Amino acid sequence: MRRIAIFALLAAAPSTAQNTFRGNNAHTGVYQGAGPKQLGGVKWAFKAGGPIVTSPAIADGVVYFGAMDGHLHAVVQDTGQEKWKFKSRMPIASSPAVAGGMVYFVSSAGSLAAIDVASGQPKWVLPAEFERKFEAKNLHGYPSAAQTIPDAWDLFTSSPAVANGKVYFGSGDGNVYAADAQTGVLQWKFATGDVVHSSPAVVERTVYIGSWDSHLYAIDAESGQQRWTFKGGEDNTIHNQVGFQSSPAVVDGTVYVGCRDAHVYAIDAATGKKRWDYPTSKSWVIGTPAVRDGTVYVGTSDSSRLMALDARTGRLRFNFDAKSYMFSSPALAGELAYTGDHNGKLYAVDAKTGKLAWEFQTEASKRDPLKVLNADGSLNKQAFAPIFGDFQDMYVDTYRFISIGAIVSSPVVDRGVVYFGSMDGNLYALQ
């Protein structure tokens with residue numbers, strides 16, 4: 001009976017949880033209580049062995065997160081001291097979910113792993129067919145047109161959601177999976193047309209998830225059967241304006257999601273019919289929208305904005321100029337929205353006016369060893385001049401962002417503290 005009660009609670013997706021990606025299974029990005037209204041400083045910083053692109057999960061006084069050196073860390077919330085770490089054989093780009101005494105993440109080796117929260121030892125592993133990045137020929141227009149190119153900007157793997165006694169996740173093999181949360185036994189898998197690195201939102205026995213095939217899917221959580229599908233834009237030439245890399249948020253019967261086709265969409269959760277879309281001037285929308293009090297908050301890439309949109313109409317309420325690419329998803333707590341940026345800054349923005357309340361900058365960003373930033377935090381375009389003239393320049397650019405501690409992790413707010421990872425390898429706790 002206790003196990004049934006636990007999973008019933010998870011299925012309800014309470015907005016006060018911090019134990020899963022975006023705070024709850026609906027991915028609203030809303031956190032209980034307020035975060036810091038003014039920056040009081042770094043409470044602690046935990047140094048991992050590689051860049052951090054994942055977002056932390058918090059449960060029972062422990063912060064869980066993965067790093068690109070392949071370690072999943074469990075850190076004491078109050079002190080930043082390590083409790084344990086688990087070594088995966090590949091980088092970890094999946095944000096963990098904690099439930100029923102286990103922490104789950106999707107391995108870059110192509111599997112779902114369940115780790116005991118007390119010991120850090122593996123309980124079970126469910127292998128997928130394989131894991132890979134999104135790839136295409138002539139990607140972003142890079143030569144040669146005959147070469148299949150993996151997309152360096154496909155930074156994240158799917159983050160699992162635990163509900164209904166199952167763990168749901170997407171895979172680079174193009175499938176969406178459901179596994180028994182206690183045993184890891186496969187319950188069903190659903191095939192899409194391409195890589196699935198979007199993270200599933202699970203609400204009212206429906207799984208909502210996007211694919212790089214540019215479709216958003218609604219799947220019955222019990223049977224794995226499709227309820228509906230929504231199609232985003234296509235780009236069959238250079239495959240730039242295509243694909244759901246963003247994860248959906250579900251609020252009041254509406255699915256809000258960004259797309260690399262440069263739109264934010266509001267879709268009826270029951271039917272899959274579009275309610276509105278907001279164009280972003282060819283700028284990707286990678287992060288997951290946060291939704292509260294009739295407003296949708298989401299960031300853009302090339303146009304470097306944190307936008308607030310009317311949840312009912314899609315009309316713009318404000319733009320905040322973030323100066324650089326924003327893959328991080330905003331966290332809403334109290335009066336502020338907290339979000340990370342590629343320039344190594346975490347911004348705290350007034351959720352009603354869009355005015356900056358305060359900002360934090362990583363030390364790596366302040367040093368800026370490769371001189372990739374201008375004085376105002378915008379990108380120095382000269383520093384991003386091509387070196388190879390082909391797809392390898394994407395990976396060089398990734399290193400440039402690592403050098404300044406870019407923040408692509410999505411913040412979590414708990415007990416008045418903001419937690420997030422950085423590409424400088426630190427998990428920060430700001431108070």
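Here the structure is a predicted model, which means the values were calculated and not measured. For the single chain, residues carry numbers from 1 onward in sequence order.
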Please check if the side chain of [X] supplies one atom and the backbone of [Y] the other of a donor-acceptor pair under 3.5 Å.
X      : Y      : result
Thr362 : Ile404 : yes
Ser409 : Phe420 : no
Glu131 : Ser111 : no
Ser214 : Gly233 : yes
Thr280 : Lys282 : no
Ser328 : Gly340 : yes
Asp180 : Thr183 : yes
Asn25  : Val202 : no
Thr54  : Gly66  : yes
Asn19  : Ala97  : no

**Asked** Does Arg132 pair with Asp194 as a salt bridge, N-O distance under 4.0 Å?
**Response** yes

**Asked** If you measure from the Lys or Arg side-chain nitrogens to the Asp or Glu carboxylate oxygens, is any gap between Arg275 and Asp268 under 4.0 Å?
**Response** yes

Would you say that more than 12 heavy atoms from the other residues, nucleotides or ligands in this model lie under 6.0 Å from the [atom1] of [X], or not?
X      : atom1 : result
Lys273 : NZ    : no
Lys123 : NZ    : no
Lys137 : NZ    : no

**Request:** Could you check Ser95 against Tyr64 for side chain to side chain contact (heavy atoms under 4.5 Å, CB included), going step by step and ending with a plain yes or no?
**Result:** CA-CA 9 Å; Ser95 300; Tyr64 302 89; over 6 Å; no

Nearest-0.5 Å distance, [atom1] of residue [X] to [atom2] of residue [Y]:
X      : Y      : atom1 : atom2 : value
Asp368 : Lys366 : CG    : NZ    : 13.0 Å
Asn138 : Phe391 : CG    : CZ    : 13.0 Å
Leu155 : Lys133 : CG    : NZ    : 6.0 Å
Phe169 : Ser198 : CZ    : OG    : 14.0 Å

Is the [X] to [Y] ring centre distance short of 6.0 Å?
X      : Y      : result
Tyr347 : Phe320 : yes
Tyr208 : Tyr217 : no
His215 : Phe230 : no
Phe21  : His27  : yes

What are the two closest non-hydrogen atoms of [X] and [Y], and how far apart are they?
X      : Y      : answer
Lys83  : Val117 : NZ-O, 3.6 Å
Gln245 : Trp153 : NE2-O, 2.8 Å
Ile407 : Leu346 : CD1-N, 3.7 Å
Val413 : Gly35  : CG1-CA, 3.7 Å
Ile92  : Gly70  : CD1-O, 3.5 Å
Gln182 : Trp124 : O-NE1, 3.1 Å

**Asked** Can you pull the side chain to side chain donor-acceptor pair (under 3.5 Å) pairs that have at least one residue in residues 139-150, sequence neighbours excluded?
**Response** His140-Asp151, His140-Asn240

Side-chain donor-acceptor pair under 3.5 Å between [X] and [Y], yes or no?
X      : Y      : result
Thr254 : Asp252 : no
Thr28  : Arg292 : no
Ser283 : Ser301 : yes
Gln392 : Asp390 : yes
Asp154 : His197 : yes
Asp173 : Ser171 : yes
Glu222 : Asn164 : no

**Asked** How would you list, by chain and number, every residue that makes a side-chain contact (heavy atoms from CB on, under 4.5 Å) with Leu379, sequence neighbours excluded?
**Response** Ser324, Tyr325, Leu373, Phe384, Phe401

**Message:** One pair to check against side chain to side chain contact (heavy atoms under 4.5 Å, CB included): Phe190 and Asn175. What are the steps and the verdict?
**Reply:** CA-CA 5 Å; Phe190 175 90; Asn175 291 301; over 6 Å; no

**Request:** Could you point out which residue of Phe360, Tyr419, Tyr338, Phe65 forms a ring-ring contact (aromatic ring centres under 6.0 Å, His included) with Tyr428?
**Result:** Phe360

**Request:** Let me know which of Asp116, Val75, Ile115 forms a side-chain contact (heavy atoms from CB on, under 4.5 Å) with Trp84.
**Result:** Ile115

**Asked** Would Ile58 and Val412 satisfy side chain to side chain contact (heavy atoms under 4.5 Å, CB included), going step by step from the backbone distance to the final call?
**Response** CA-CA 8 Å; Ile58 303 174; Val412 172; 3.8 Å; yes

**Request:** Could you go through the side-chain hydrogen bond (donor to acceptor under 3.5 Å, both in side chains) check for Thr295 and Asp293 one step at a time?
**Result:** CA-CA 6 Å; Thr295 304; Asp293 299 333; over 6 Å; no

Is there a side-chain contact between [X] and [Y] (heavy atoms, below 4.5 Å)?
X      : Y      : value
Ile52  : Met423 : no
Phe134 : His239 : yes
Ser246 : Pro289 : yes

**Message:** Working note: Thr206 + Arg227, criterion side-chain hydrogen bond (donor to acceptor under 3.5 Å, both in side chains); need CA distance, chi angles, decisive distance, verdict.
**Reply:** CA-CA 8 Å; Thr206 302; Arg227 292 187 186 273; 3.0 Å; yes

**Message:** If you apply the rule side chain to side chain contact (heavy atoms under 4.5 Å, CB included), what do you find for Asp414 with Tyr31, and how did you get there?
**Reply:** CA-CA 7 Å; Asp414 190 45; Tyr31 295 89; over 6 Å; no

**Prompt:** In terms of ring plane angle, is the pair Tyr265 and Phe244 parallel, tilted or perpendicular, where the classes change at 30° and 60°?
**Reply:** tilted

**Message:** Does Glu129 form a salt bridge (charged side-chain N to carboxylate O under 4.0 Å, His left out) with Lys189? I'd like the steps, not just the answer.
**Reply:** CA-CA 11 Å; Glu129 294 179 24; Lys189 71 177 181 178; 2.6 Å; yes

**Message:** I'd like to know whether Arg415 forms a salt bridge (charged side-chain N to carboxylate O under 4.0 Å, His left out) with Asp78, so could you lay out the CA-CA distance, the side-chain angles of the two residues, the decisive distance to 0.1 Å, and finally the verdict.
**Reply:** CA-CA 10 Å; Arg415 303 179 189 175; Asp78 289 336; 3.5 Å; yes

